[in-house]
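Remarks on the structure that follows.
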2 protein chains.
Amino acid sequence: MMTDAYSRLWMDWKKRDNLPPWTGRIVGEPVSPQGKAALRELQNGLAALGTIPETTGPALQLQEEPGDGENFCLRREGESLILSGPGRGLLYGAFSLLRQLALGEEILFGESAPAWPIRMLDHWDNADGSIERGYSGPSFFFSEGKPVCSARTRDYARLLASVGLNGCCLNNVNVDGEALYLLTGKYDRELREIGETLGEYGVSLWLCVSFAAPMEQGGLPTADPLVGEVRRWWRETCGRLFRAVPGLAGFLVKADSEGRAGPQTYGRSQAEGANMLAGAVRPYGGSILWRCFVYNCTQDWRDQKTDRARAQYDTFAPLDGQFGENVYLQIKNGPVDFQIREPVSPLLVRLERTQRIVEFQLAQEYTGQQRHVCYLAPMMKEVLDFSGPAGRVKDRLSAVCAVSNTGADFNWTGHDLAAANFYAFGRLAWDLDSDPTVLAREWTRLTFGDDPRVTETVTDILLRSREVYERYTVPLGIGWMCYPPTHYGPSPEGYEYDRWGTYHRATHREIGVERGPSGTGYSEQYGPELGRMYGEIGTCPEELLLFFHRLPYDHRMKDGRTLLQRIYDDHFRGCEEAEAMAEAWDALEGLVPEDAFRRVRERFGEQVRSAREWRDVINSWLYRLTLIPDERGRQIWL
Amino acid sequence: MMTDAYSRLWMDWKKRDNLPPWTGRIVGEPVSPQGKAALRELQNGLAALGTIPETTGPALQLQEEPGDGENFCLRREGESLILSGPGRGLLYGAFSLLRQLALGEEILFGESAPAWPIRMLDHWDNADGSIERGYSGPSFFFSEGKPVCSARTRDYARLLASVGLNGCCLNNVNVDGEALYLLTGKYDRELREIGETLGEYGVSLWLCVSFAAPMEQGGLPTADPLVGEVRRWWRETCGRLFRAVPGLAGFLVKADSEGRAGPQTYGRSQAEGANMLAGAVRPYGGSILWRCFVYNCTQDWRDQKTDRARAQYDTFAPLDGQFGENVYLQIKNGPVDFQIREPVSPLLVRLERTQRIVEFQLAQEYTGQQRHVCYLAPMMKEVLDFSGPAGRVKDRLSAVCAVSNTGADFNWTGHDLAAANFYAFGRLAWDLDSDPTVLAREWTRLTFGDDPRVTETVTDILLRSREVYERYTVPLGIGWMCYPPTHYGPSPEGYEYDRWGTYHRATHREIGVERGPSGTGYSEQYGPELGRMYGEIGTCPEELLLFFHRLPYDHRMKDGRTLLQRIYDDHFRGCEEAEAMAEAWDALEGLVPEDAFRRVRERFGEQVRSAREWRDVINSWLYRLTLIPDERGRQIWL
């Protein structure tokens, strides 16, 4: 029975038999805050796991090294265990140990270090306590216009550290309302408190800022990055802020994007904008995360030349090499916007001389809004493993972030199973070679215990979930087709005549935007080899066929079915699979805690309802367009 | 130059030469509040029109008669004029005189009396100051949760009385928030003040109440209209309220409609619900206006048997004769919901033994939201003149109301030209035989003065406006096709898979819902003769063809064009006409007051933009469906 006001998620260590002998005693007194946190986590964690305190015999020795590295080393000396590393490293080592003990695994000895120095979650939390694209209750960072530090802040930092994450951007990239004043000193006290609380667990604080702040807060007549008083305003503002909030790591900036101000307003390049800010934060060791989500969001739907998929590469590729050393270009995994299926963004593949941070979205904006299960680790792995002309994406990135899926709900993520995305993202960010299947199983066991029926069922649900969702929703990479005001539920023509650059232009004969060389030429952004593969219908991966090509409904797929029949089949199948997942969950009654069982069952109820709606709407819409019936005579409604 | 904070609209009496000799002197001292108001209006009005005070000679004699009738009589005695009637009648007579003088018309002698005893505007104002479907700024009746009586309340009452209206329902039919407490005594003082202010101008106060009030405010476990304590609660509540607010005329009730509570919840009929309330207000002379807007708003789009158009008649026709004598069934003009073209509601045509109040909507929810000009008087006249089996609609109604298009904007109605709808509705409600063309001209001259270029241009714009709007928006009575969240702008499939019962089910061959005898049978609700006319394609009026029938795109219209070509043509033409109206307005620069010119020009800018969008979206959508090009080769976008 939980007594907290919120779940401990995967850190709810449960009693274990057969703990190794060294768990009885901890030796060593770390001095850094993170080292002390490591010691405390081990003490509490080992106690929860069931160790019996010993005063002699084998021990766990903590050896703190100087510095703020994040690496740690585990080694054996006789029956004792030595965990060594700088304070932060000790913390990650401590959580690693606890996890392995909780899973009853053989301890993995040796060195461990994270893949990248920045591994963070971005919060789209607003100062009023709402969360943009939040599906897990209100913010736990803001309430009634103010940042708030509470016990939950600390437990959130623990969750981050426990999976190896080390950064957290507090506020929405769309900076509005009171969030505009985070820069100005008004909330220094609160930010300092949050920064210190996060910092104890090695988590850096980041803030989103508005590029127009010199006007909005500074009262200047311009925010032109090349104007002296603008630069001075940023320098002075940063000087004050970074001194007042020691844990601050830098700024995340959404500029020239969806109506936000940016350097374009003043005829300046993205590099001129980003570098100006980078100069202002550099004296304090700060960095700038500069979002590449720049496109024309007031496109005329009649305009067939403009292709939103091209926009980010077209804007940023020519600037390769011009960004300051403390600037990271923040690039969404795909070229459009977190759809259930997109190709990897060409910016991730082709930039050569620019630091990049990939942005995933755990908040399931277009992937079921935490009412549908959609385990995203396989997709993240797919992106990281993707090979471009200059090598694999994961070998060429500098950092990784994801839009958080957390909120103040009891279970943090709305859907209990959505916590697997939080967990897996952190573990992948530390170790790029992590296997999503292993992570799913780990998370399931840490969350629900060791019953193999539970482990197998939940892991199976997680691993199938993305493709199931894809099958009953938007076909073959075409994207969108959701209800514009909410991004939830089907609306096949919802974006067709709107300003967002997201069209399929379906007629009764054909569907899709041609992005090969005969079309918008988007495929060529990948360079010759990949470009050829995507640009030719025969070699384009089928799951992306309608992302890259405009095709007639009778196009033959590799297995001989028509494109239309493939879409019908996917929708019937996806919906059946959703029903099967719901049934599989139902069979776990009594094997998982009652409250979690109930919550997840309720979500599955909605997922099945929504999956049927998607199936019927997409199929009916295509049937009305084509009047070609399903070959297998299943029900399609007129 | 206006100095008020709001326009005087058509009551901005301007100096006139050649006033009749009796305008120099007013004789008679009315004693009723309304009679006194009449005297005051005449004194101020005649002064503004330019009368020179005389102390002898011909006079205007006011002869107040006892009673609260609304009739008045104008007659000549030598060079003097006698206006006689009860206080309320004097008021209407006074405004009638002032209007005729301002228009420079020959005075019309004789008796005048209104067509119906209830002629009112319904406000969808919320207690928080917002207005549901309000396009003219915030409410002037509510602010920050409270009813407010201000100078504007009085001037609003004057506007109502000046066109012969005598009722005003203060709050939104969807009763929420603080509006729930209007019943409970919390706002008696404010309501009394508003009631008195309105009453001085003969305007009765009505309130919307929630059928669930006995639960929401009374703390009872039920609102079942047949339960004793519920009836007692209403009786006591009404007893208190009607005594506290003397001007109160009764309640308007939206029950069992779009999620609102109602008698259905308890298995009771609409008559049982309405009659229970009628009993509670009867001791105070109160009436119940009971809305017939009852339909299934959670329809499954797959369900082709349910036809929303049928719902109101199916619910209420069997109850004909069962409603109390102080109950009026409030019936929207069409069977669905204020679309730009609907047939007349069969409830207006066929009920025999039930008092009815027709509901129009001046608020242009589906007719351009006061950003498009849409003069609705011709449509209202069409409805009133419509002949059913039991005679003309206007001969069989008991009362008339319209959803108000006013708000706290300077010009009251958002679009300056939308005030013509307010004006014409009142004048029509008084005299059913008023001619919309004459009313348009009257309103134009009272508003903009006598320049014939202005009169001709504005009158012409008004009279064409409804059909122009219809042509570039939704074809041939099919309805909807607007963007669901706002009801503004095109979204041809926006309602297709939703729960509102508003479908066209267009395929690449056919479009529309069949409502003839082979379809849902809706046409039969009109009785044999009209039913046959609507039910057969050949006799169905073409402007309603797609309301009643599902047809192939190559259906031949009477003039030989295909249905599809007719729709293309209408859209090109409607858009050109909107452009021409905008140009015609532009030519009035310098002839109408600068501020009104500017405001209207801005609205026309939006109307033209939006008309082009409608044209292109509807045409493109049909072209993509059919791939049949425009016969005249005009631009349709893929």
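Sequence lines set the chain letters: A, B, ... in the order given, protein chains first and strands last, and positions in each chain run from 1.
Around the CZ atom of A:R509, the shell of radius 6.0 Å holds no more than 12 heavy atoms that belong to other residues, nucleotides or ligands. Within a 6.0 Å radius of CD in B:E602, other residues, nucleotides and ligands contribute 12 heavy atoms or fewer.
Using a 4.5 Å cut-off between heavy atoms, A:S620 touches chain B through backbone and side chain atoms alike. When heavy atoms are compared at a cutoff of 4.5 Å, B:W301 approaches chain A solely by way of its side chain, counted from C-beta outward. In this structure, chain A has heavy atoms under 4.5 Å from both the backbone and the side chain of B:D616. A:Y483 touches chain B through its side chain: at least one heavy atom from C-beta onward sits under 4.5 Å away, while N, CA, C and O do not. Contacts of A:E510 with chain B are absent, with no heavy-atom separation under 4.5 Å from either backbone or side chain.
Note: B:Y497 OH to A:E613 CD = 10.5 Å, rounded to the nearest 0.5 Å. Taking CZ of A:R612 as the start and CZ of B:R302 as the end, the distance is 9.5 Å to the nearest 0.5 Å.
Put simply, of B:P492, B:G494, B:A506, B:P490, the one with the most heavy-atom pairs under 4.5 Å next to chain A is B:A506.
For the pair B:E493 and A:E496, the minimum side-chain heavy-atom distance is 4.5 Å or more. Put simply, the side chain of B:L625 reaches to within 4.5 Å of the side chain of A:L625, judged on heavy atoms.
Between the B:Q304 side chain and the A:L638 main chain, a donor and an acceptor come within less than 3.5 Å of each other.
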